[in-house]
Each structure stands twice: as C-alpha cells, then as structure tokens.
Undergrad: 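Take a look at this one; I'll ask things after.
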6 protein chains.
Amino acid sequence: MRENIVVQHIARADAETIAGLAECGVATIHESQGRVGLLAHYMRPIQMDKCIAGSALTISGAAGDNWMMHVAVEQAQAGDILVFAPTSPSNHGFFGDLLATSAQSRGVQGLIIDGGVRDTRDLRQMDFPVWSKTVFSEGTIKETLGSVNVSIVCADALVHAGDVIVADDDGVVVVRRENAIQVLVLARARMVIEEEKRVRMANGELGLDIYNMRPRLKEKGLKYV
Amino acid sequence: MRENIVVQHIARADAETIAGLAECGVATIHESQGRVGLLAHYMRPIQMDKCIAGSALTISGAAGDNWMMHVAVEQAQAGDILVFAPTSPSNHGFFGDLLATSAQSRGVQGLIIDGGVRDTRDLRQMDFPVWSKTVFSEGTIKETLGSVNVSIVCADALVHAGDVIVADDDGVVVVRRENAIQVLVLARARMVIEEEKRVRMANGELGLDIYNMRPRLKEKGLKYV
Amino acid sequence: MRENIVVQHIARADAETIAGLAECGVATIHESQGRVGLLAHYMRPIQMDKCIAGSALTISGAAGDNWMMHVAVEQAQAGDILVFAPTSPSNHGFFGDLLATSAQSRGVQGLIIDGGVRDTRDLRQMDFPVWSKTVFSEGTIKETLGSVNVSIVCADALVHAGDVIVADDDGVVVVRRENAIQVLVLARARMVIEEEKRVRMANGELGLDIYNMRPRLKEKGLKYV
Amino acid sequence: MRENIVVQHIARADAETIAGLAECGVATIHESQGRVGLLAHYMRPIQMDKCIAGSALTISGAAGDNWMMHVAVEQAQAGDILVFAPTSPSNHGFFGDLLATSAQSRGVQGLIIDGGVRDTRDLRQMDFPVWSKTVFSEGTIKETLGSVNVSIVCADALVHAGDVIVADDDGVVVVRRENAIQVLVLARARMVIEEEKRVRMANGELGLDIYNMRPRLKEKGLKYV
Amino acid sequence: MRENIVVQHIARADAETIAGLAECGVATIHESQGRVGLLAHYMRPIQMDKCIAGSALTISGAAGDNWMMHVAVEQAQAGDILVFAPTSPSNHGFFGDLLATSAQSRGVQGLIIDGGVRDTRDLRQMDFPVWSKTVFSEGTIKETLGSVNVSIVCADALVHAGDVIVADDDGVVVVRRENAIQVLVLARARMVIEEEKRVRMANGELGLDIYNMRPRLKEKGLKYV
Amino acid sequence: MRENIVVQHIARADAETIAGLAECGVATIHESQGRVGLLAHYMRPIQMDKCIAGSALTISGAAGDNWMMHVAVEQAQAGDILVFAPTSPSNHGFFGDLLATSAQSRGVQGLIIDGGVRDTRDLRQMDFPVWSKTVFSEGTIKETLGSVNVSIVCADALVHAGDVIVADDDGVVVVRRENAIQVLVLARARMVIEEEKRVRMANGELGLDIYNMRPRLKEKGLKYV
C-alpha cells in the first residue's frame, strides 16, 4: 500500500505572490489565514533575522536516512524550499554543506526539516537558511526509499508539494497553494491596519481603547481595586 | 473564590536601587540573596548581551489568552517589567510588536513570560528585551478574565507585584521589594570580593589555595595518584 | 568500591595533531572515525562560529557540586579542555567567570559540561568557549568529592582523560587519543574529497550522478511519476 | 479560508474487517501496511491489556477548548472511535466521565486524543478506553469553533474521517479505510508466519538461521572473537 | 534574607471537610474553586485508583537533599500529607520505605513531591500513596538546611502549610484552607448536577441539547455538510 | 577504528551472588556501591512489582536497527540479561514477542533497552520483563552492523559485558562484575541495619533521633518558631 514515488511535475504559486508573502512574515500570515498552518514551536532557525518564502518541495524519508534528499534536489526549481519529514522522529544530521551546495546550485532557497542539520556555520556563511528541530552531527545512511513531492506531515503540519512555505525568526507556516493569493491580500490588509494601530499605540493610546475592550471587561466582572 | 482583579496602586523599589541591581547581574544577585528567586532554566532571552532590572507588573491570564496584557499596559509606570504567567502551560505567542509598541510608549522596559512570544525580530529592532519559554507565532484569544498585579507563580518562582526583576543572558531572578536595598548592598560587596579573586586567579593563583580547600579535600579522602 | 582520585599525569595527543583536528570540524571527524564519539545533541555552544580542539581534562562530580572544578584546574596544561559530567543529571550553573578566569590563566581553552553554566556574557567577552546542556544561574555547593582524569560518561559519550575533544557549532565529538593521528589523516582525506564534490555540486552536478545512485534507486523500486 | 464544518455522512470500513484488525494488534498492522500510520510514541493508554479497533470520528478543536467534542458525539455510530487533535499543543483535560457516558451511550468505543484526559479512574471503571498524550484535570472552555469529520493531523499522523484506528498497549495506528481489507489480509498472513517462527524460536532455533542472516553478516565484516 | 525555619503550629481544615473533599476528586474540586490550584501535569501517582485528601505539611529543601524530610516528620499530625518542593529541579529519590515507615507511624497519609521517589514497590505494599515527578533510586545527601511549613511553590502551584491537598489518578490540586468548606459545598453541588447530567447522557441525550449549544454554534457559523 | 565484533566468551559473576543481588533491590545496591551505576531515570519497566538480576549481555546497534539482537541471542547463557544501547537516540520498537521467545528459549531473563519495545502485552504474558526508554511499535531494519559483548554506554551508564544488572520498579543499576560479591555483602549488611531502623521508625522513633541530627541542625542555624 505504500509506494515510493517521485512526483516530477507539481503546481507552484506564482513568484510575485510568493515574494509578497515573504514580506508579511509568519505571524501575520498565520493570522490572515485563520490561524492554521503553523509548524511545531520546536522548529528553530540556525540563523537570525531572516525571512524567506518559497514553494514546498516535500521529502519523506526514513529516520536517519537522507537518500531522498539527493533525489529531491533534481526536482528543484529556482526558489523552492526543501521540506523534509522523517517517517519517525529523528535527530540525525540529515543535511550539511555539500547537499546545501548542490541545492543552492539548483536555486533552492532553504530547508525546513523536522530533524537535525549539520555544518551550520558553513550554511550560515553560504547564506542557506535552515529551520530544524535540532542541530546534530550524527551521520545518516542511504538504505531506505522514501518519496518526493507527496503530501507529508512535517512538525505537526500537513504540507502538500507546491504549498507556499514562509519562515522567519518566529517559526514556519505553510500556506495552501490555492489560497496563496487570497492570503496575501488579507495579510497586506492586516499589515495596513496593524501599522495604523502601531502609530496610535506608539503615541500612547491603549489597546483597551483602540479595541474598545472596557465594556466587555466590565461585563465579565473585572474589578479595579 | 477566584476573583479577577486589577490592583492599581502597588509599591515599587526606588529607581536607584533598581538601577544598581541591573549592574550586578542575575548570578550575583541570586547568590547575594541566599540562592532563592530564580525562574526556571527554560526562560531564555530572545536577544544577547542585555541586562535589565525593573519593577514587576504581574499578569495572570488563561492559556492562549492575552487579554490581560492590554489591561496591564494601562497600569504600567516607566521602568516596569511585564511578568506574565498563564494559569496552565502554554506555548502560544501571547505578545508581539504591537503590544510591545504600546508597552514601550508607557515606559515598560521588557517582558518576562512563561509562554511564547512572536515578532521577535521586530522586538529586537525596537530594543524591547524579552525572556520567554518559547518563540511561537500561534495567536491568542481574548475571552477569559485574569488579574493584574496579584501574586503569581511564574516559571517556578513566586512573584509579587512590585518585586524587582533582574534578567540577563543567564536567566531571570526575582528580588523581594522589601529586600531590594539589602540585596544590592550584599551584591555590591560580593562584586568587590569577586573582583579581588578574579585578579588573583588571573595571576594564576588557584581556587584550591584562595579558598583554602586542600585540608578539607584531604580530610574527606581525596587521593592524588 | 568508589574511590575519589585525581590522576595527575595523563598522556595527551601531540599539539600538531590536535590543531589539525580543530580545522576539520565535528561532522567530518565524526564521519572519519566511523560515526562514533558524538556527545548528545543537547550539548549546545554559548557562542557562535567557534571551533576548538584540545585534550580532555575529565571531571566527575556530584549533581549541583562544583568542588572538583577547582581541583581540576590545578591539573590543567595549556590547551586542555575541561570535560565535566555530574554523576546524576543537573542543570545547576557549575561554572562562571571566576573559574573561567582561573582556568584561562592556566591555558585551558574551554569547557564541555553536561550541566549548566553561568556568566555567559562574561565568558563570551573573555573568549572562553563553552558547550553545555543548559544556561542557568543556580549556584552549586562544595560538599561531595569526585574525581579528576578518570573515565567518564559525558552526555552519552565515554571520555577518557587525554582523549581529544573537538567542538563547534554542530556539537562535540571525542576522539580516542590513540586514534587521533589516524583520524586526522582520514579527516583530511575526506575534506579533499568533499571539496572536490563541492566544486562539482556547485557546478550543478547532482549527488544522484556523483554517487551513482540511480541504478540502486531503480532496483529498490523508486517510481518517477 | 478556514471554515468550520461538520461532515455528517462519512464512509466507514465494514464491521467484520474492523473486528479482524482488532485481533491483529498495532505492531502487526503497522508492519503489514508498510510501516506507516503510527501515531507518536507519547500516546499512551490509561488502561492495560486492551486492544480496540473502530472507525475514526475525527475532531479538530482549539487548544483548551472541548466544544467540538459535544458536536462530534451526535455524529457517532456504534463502534466509532473519537480522534481529537487540538490545533496547537495542549495538555488540558478535554474529556472526562460525562462526555464518556454520552459517547458510550451512542456506541462510541473509545478515545484517541493528542491532549489530556481526566476522570481516568471512572473511565477505566466504565470500560471506556483512552489513549492520550497526558492525564490532567485542567478544565476546558467552549468558545472557539472547530470541525468534525475533516482530515486532521493527530500526534504526527494524518487521519481521515472513517479511517480505521487500532490501539493497544503499544500505541495507536491508523489504517486508510480503502486499504483496510488488504491490510487485514496481509496482517493475518503475517500472523501465520510469525506463529510458525514463534514455534521454531521457542524450540531454540535462532533468528540467525531462520532468517539466514549469517552470510550477510560475514560479508559486511562482523568478526567473532 | 533567607532564613531556614520550622513552623511548629499551623492551622488545619477540620477533618470532616477534608474527608468530604476526598470524595469529590481532583477534577471536580478544580472546577468548583474556579479552575485554580492544579499542580503540574507531570505529577503522577505510583499507584492506581487511589484518592486522598489531607492537610499540607510543606517542606522546602535543596535539590538532592532530603534532610528536611526528617525534620518535617516530627511536625506531622494524623492525616497530614507531606508536600515537598526542591529549591531547584531534581530527580533524586528523596523518599523511600524508611521515611514512609516513619511518616506512616505518625499518621501521615501520603506524599506529594516535585522530585523523585524510590522503593515504590514497598510503598505500594505499605499502602503509602505518592504523587511524584519521577521514580528514581538516586540517593540524597543531608547537607543544606531548608524549611518546614512555609509557603512553597510545588510543581507550579503555590502551597501554604495547612492548605488541603487532594490527589487522585488525575493529579493533584491544592485548596486554600480558608476556602475548604466553601469549595466542598460547591463541589458537592456540582456532583449532584453532574450525576443528573450523567443519567440524561446515559439515556442518550446529547450535550448539545442539555447545554443548549445549538443556537450559539449556529451563530458562530458552524456548518453542517 | 571502529570494528564490529562479537565477543563470544565473557566472564560472569557466579549465580549465587547474582541471586543474592536480586533480593536487595536497586536502591539498596546503588547505596551499597557508593551511589554509582544507575541508569537514567527515564528507564521504566513495562510490568510492575518485578525485580531481576543477571549478567549483562551487551549489544551496540544503530538507531532503528535491531540486527545485532539476533546475533546476541546466540551468545546468551541462562540467566543473562540483554542490555541494548543504540549508537544514537532512538524510540523504535527494537524488540517484540518473537525475539523474546527466542531469547527466553535460551534462558535470557529480560531486556534493558535505551530505546523502544513493542508487543508489551505479550511480553508481560510471557513473563519476560523489560525496562525501556519508551514503548513504540515503529519497526526496525537490519542493515548496519554493531557489536555484541563490548562495553557500551546505556542510558548514561557504562556497562561492560558480564557486569551484573539489577532492575526493579525503581529503575536499573549496574554492578561491576569484579565488585559483585563485595557489593552483595555490603547490601546485605545495609538491609540488616535498615530493617532495624524500620522497626524503630514503625514504633514512632524519629529519624532526627535515630541519626542524631538535632545538634547539627542547630549548629547550622535551623530555627523552630
């Protein structure tokens, strides 16, 4: 029932939409699409102050086995983001500077991995951003087949090939490809509203007043003493 | 039995004492007050090489609910530090750049939160320091009342409103308001002694001799082979 | 059956070999010696972009007790790395700027500790690198004897006094002293090969072809769809 | 983009197939379907020596909110198993003896929950089996909508409404509804083969010989000393 | 500032109230007092199907040091429950069959410990119930003073000496001594209401109707498809 | 440098000593040998109220690979205990009822594994006790060589082949083979003394008096108020 396949042709969101999403950041996008799509909180960046967006090139592989990474790189298009989920939890260092060199030469932007990564200093120097569960040098083997560009569960989130991944210092969020334009519109609208609020707040106006919270707080029984 | 209240007037330590404590750092203060008051080791800064001290403006709220944050900001005085504890464990991103803007406009120095925070890049750019259990974008709701300026348990430590919070790269410590001056005196004395030892150690003198440990090691039976 | 001893004379690898290993990095060395010797993935640096190698000066002490640290410093030679393992798990801050000053004055390069460390900002300013399980200010006592330069289990790895420790952003690896030269030879050979592959990959050649993976993938049944 | 829906009519596997799967147990089914479908290892039973199988009635709800549980019970058919996943991690006690009474009266067999459960003693006495991430009394609210009988990610596994859930002391596995018959056939075949091996092993024959492992061990270089 | 004291005379709730609370169980009491007072979810019983209630005899001690346990036993009255919190996290086995024998001879009912316990088989045979963070044999020392019958933070909860502790399979809850009678009244009322609902639910009536949830679900936009 | 070997002849402690140690239990043995040798606190039994002792038949294997288990069984002698440590952390279910049948037919008493186990209900029914890090059904492969009867680090403890393993409800401890007789003597002496104390304590005598703690408590400054 389990077949190992490589899907060679996947649909991707258009580049402009993706670029737009990269400007919004993870928290804004998460809000704009109804608070869904976040990867687990343990997914942390190996670098600081970086935000990327790109199409998910999904990879399913065995724990401690990075064979499918090599298969995946061949399927990459410029701007893709590798998204790797092991079929069972693993802290192995699935990915290092060599694979990053290969991926980068194909235009891959970065890596999201529910596992370990190594050569992190080199990856930072190469400007190849990574979000991972852990950093660990433990090597992997190449024994068990997996699949490329199938739907995967990565760090609690369901990711389809071609979905848009956005990642920054706050974590990682997935946007369904078919929703990407709509999410971008909503996220931009949200940013406008937030900017307006930011100005008011910077001037000392309180959230209590901007959001008109006082009546409801009173109704619920909050007492000032 | 559980009432949700906002205490509007709290006593604070004087500004000079607080400023003095900020110069001592967490480890020295922890030692000087008898090794009490540390928040749990999982409380980590989102920035590096920053040490702050201020009066605790305490906030108790429900898991995944940041309503009371807005209530708290109104109670802030210049130099205060927000200290938030959810009533049950939560990794939600309770606090982001908008709330930080509002808090900063009221003079709040920073945030201590036994939960998640988001917009971390923005917070660093704003120079609004945060110590948190996690970094996560997951949004919160505004449904359940909590309290402001009551005593809370935050990351294993009991914090009363108006206590002095000191936070640096090593973590977070709470100093009882009524002990603040005495702790400062002891911490400064300790720093003088430590500086003296540092000079001796930098010159190659051993802790074994400075602390006269050799007789007791021998008595306990340590063997050199 | 348990004796507390300080072994005063231990064999060390030669300085040139050690310096060579520092240039290879943890991942390469781990691979070159047959994927053994890694310390647990939770051992994280308090600084970035630093790689050191040195002879292990091993320390076994009780949880929450740093007495043996002082004993150990006297045994240090220039270039040594302190390797501390508590006899049961502990997050205490066993080591801070004073001990670092003392150790550094004796030529100690850095610290590997399966426990906590404090004064991390000072340690970074002193350029005294540390890899630890946690950062925490909790102070320690000096009540229970331990041993220096005995074999210890540190973060899942067996370390003998005089073994070579290599630590970088990816973690920590131990090389048996008697294997150090051979590992260095293999690691350098590996680096040459990897550099060659890096060039090919940077030019767009795929791992699938460089490693001749296609026939085996086909044989195992991977389907391209 | 996020709609909250209750799907009222879902396909289920036939009762005989489900009953057959319950006799095979989690490990055998996991193997028979190609080692996929396991829920995370932290999903533990509150009772011992119990194995159930049933159709998944899936529930997606907010962290700390069990409103959708009540909605779900109305959709239950005899033999169903409730499968609940919060949209972000939560240890709240989402489910207790009252909901269990209600569910049991509708023929629900048990609960799989990536969160907390309470009243565990009562649940055992009612013979209502539960597999959960934790046991905790913390109460929940009823404020945020979710969905029933949509596809969910529960404890790392993707579960569609109507998939077959099998749970025993070893954990929980999901079988795609459309594969259930085939998996049952394979699982039964596997049990026959395993029984045969068990007899041989009980008689002292070694796995080394039964599986003809010796030549490959030799070829790979295992040395007997 | 930190004084080590033993408070010899504390107020306790009356025996009848305590006995009443034991019949209600943790989840009901937690609800009845407004969802406060739960100890952390990691506090697990070493036995099954046991519920106790008693007055908290609080103990604060150093990590890995059980000296104050002996001091505390002398202060015990029949029916008391020992509540131990180390001043920093510790998995040591602070308590075993000898201390249990001593405590039991003084009428102590059981132990709540945010740390480890050992001799668990003996404790079960003695019918001395324990709720702990872990089970571990690691021995403790008797070097550092602590306090008895002071207010402590135990597993995230603030506990005053003389508060009522209730513990069952779901965990542990603390009831303020001065609220005990009122909580009991509310808990009993709640049990009556719950029993009524249980009967209705057992008869197939749905929570959706009993709680009149349908209008609000509709208003919030839940769609049945 | 890393050779995969099977050591076929190892020394074992004599059966009488081992049987004696089984009667002492883990906590007593841990104390009697100077508080060393405990495996990590996360090693938990899958059964209750069972204590075994036997010679360690050590196994080192790759994460998620149980090939060496089969190799090890051939080396077993009656009374041996399998002790398995993966070379990197793994929760896979390395061992189930088939391997247990094979091992039991060779006289193996039980299993200690720093990883996962499955078929736990069957194992309990077979009376084959197991202490493991986790229970999980995830299957393993047979691809990578390891070693049998070499020294391993298992759950933080160094174990040599032929060392005596003692395991009960409190955890697991290793006794060096060459110390086994001496540890047994000390453990028995300790049990006599503890029994004496138990009688005194059961009669209401306090630890404070039995251990003469009052003068030292007073000297250290404990205040009774």
Undergrad: Should the pair Arg177(E)-Asp163(E) be classified as a salt bridge under the 4.0 Å nitrogen-to-oxygen rule?
TA: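 Not counted as a salt bridge, because no side-chain N and carboxylate O are separated by less than 4.0 Å.
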Undergrad: Using a heavy-atom cutoff of under 4.5 Å, enumerate the residues of residues 202-224 of chain E that contact chain D, numbered in order, or state 'none'.
TA: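 Listed by number, the contacting residues are Ala202(E), Gly204(E), Glu205(E), Leu206(E), Gly207(E), Leu208(E), Tyr211(E), Met213(E), Arg214(E), Arg216(E), Leu217(E), Lys220(E), Gly221(E), Leu222(E), Lys223(E), Tyr224(E).
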Undergrad: Chain E heavy atoms under 4.5 Å from Thr120(D): which part of the residue, side chain, backbone, both or neither?
TA: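 Both backbone and side chain of Thr120(D) come within 4.5 Å of chain E.
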Undergrad: Where the side chain of Glu138(E) meets the backbone of Gly93(E), is there a donor-acceptor pair that is under 3.5 Å apart?
TA: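 Not confirmed, Glu138(E) side chain does not pair with Gly93(E) backbone.
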Undergrad: Gln104(D), Gln75(D), Met68(D), Glu74(D): which one forms the most heavy-atom pairs within less than 4.5 Å of chain E?
TA: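 Most pairs with chain E among the choices: Glu74(D).
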Undergrad: With a 3.5 Å distance limit and no angle check, can you tell me whether Asp169(D) reaches the backbone of Asp49(D) through a side-chain donor-acceptor pair?
TA: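 It does hold such a pair.
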Undergrad: Between Lys50(D) and Asp127(D), is there a salt bridge with N-O shorter than 4.0 Å?
TA: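 Answer for the salt bridge query: yes.
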Undergrad: Heavy-atom distance under 4.5 Å to chain E: side chain of Leu145(D), backbone, both or neither?
TA: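 Answer is side chain: those atoms of Leu145(D) sit under 4.5 Å from chain E.
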Undergrad: Counting only N and O atoms by type, is there a donor-acceptor contact under 3.5 Å from the side chain of Gln33(E) to the main-chain atoms of Val174(E)?
TA: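 Yes: the side chain of Gln33(E) pairs with the backbone of Val174(E).
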Undergrad: Any ion pair linking Glu194(E) and Lys197(E) (charged N to carboxylate O, less than 4.0 Å)?
TA: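 No, Lys197(E) and Glu194(E) are not salt-bridged.
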Undergrad: What option among Thr144(D), Val6(D), Leu99(D), Thr134(D) has the most heavy-atom pairs under 4.5 Å with chain E?
TA: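 Option with the top pair count is Val6(D).
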Undergrad: How about Leu158(D): does its CG atom have over 12 heavy atoms from other parts shown lying under 6.0 Å from it?
TA: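 Yes, enclosed.
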Undergrad: So what's closer than 4.5 Å to chain E heavy atoms on Arg106(D): side chain, backbone, both or neither?
TA: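 The side chain, not the backbone.
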Undergrad: By a 4.5 Å heavy-atom criterion (distance strictly below it), what part of Met69(D) contacts chain E: side chain, backbone, both, or neither?
TA: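 It is neither, since no heavy atom gets under 4.5 Å.
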Undergrad: Between chain D and each of Arg35(E), Arg200(E), Met43(E), count heavy-atom pairs under 4.5 Å; write down the option with the most.
TA: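 Going by pairs under 4.5 Å, I would pick Arg35(E).
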Undergrad: Would you say the rings of Phe84(E) and Phe94(E) are close, in the sense that their centroids are separated by under 6.0 Å?
TA: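 Centroid distance Phe94(E)-Phe84(E): below 6.0 Å, so yes.
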Undergrad: Could you have a look at Val7(D), Val71(D), Val148(D) and say which one has the most heavy-atom pairs with chain E under 4.5 angstrom?
TA: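 Looking at each option in turn, the highest pair count goes to Val71(D).
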Undergrad: Heavy atoms only: give me the nearest Gly25(E)-Asp168(E) pair and the separation to one decimal.
TA: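 Closest heavy-atom pair between Gly25(E) and Asp168(E): CA-OD2, 3.6 Å.
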Undergrad: Of the non-hydrogen atoms in Asp122(E) and Asp97(E), which two are nearest, and what is the gap between them?
TA: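 Taking every non-hydrogen atom into account, OD2-OD2, 3.6 Å.
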Undergrad: Hydrogens and angles aside, do His30(E) and Ser137(D) bring a side-chain donor and acceptor to less than 3.5 Å of each other?
TA: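 The answer is no; no qualifying pair exists.
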Undergrad: So for Asp119(D), is it side chain, backbone, both, or neither that comes closer than 4.5 Å to the heavy atoms of chain E?
TA: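 It is both, since atoms from each part get that close.
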Undergrad: Which answer fits Met48(E), side chain, backbone, both or neither, if we ask what part of it has an atom under 4.5 Å from a heavy atom of chain D?
TA: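 The side chain, not the backbone.
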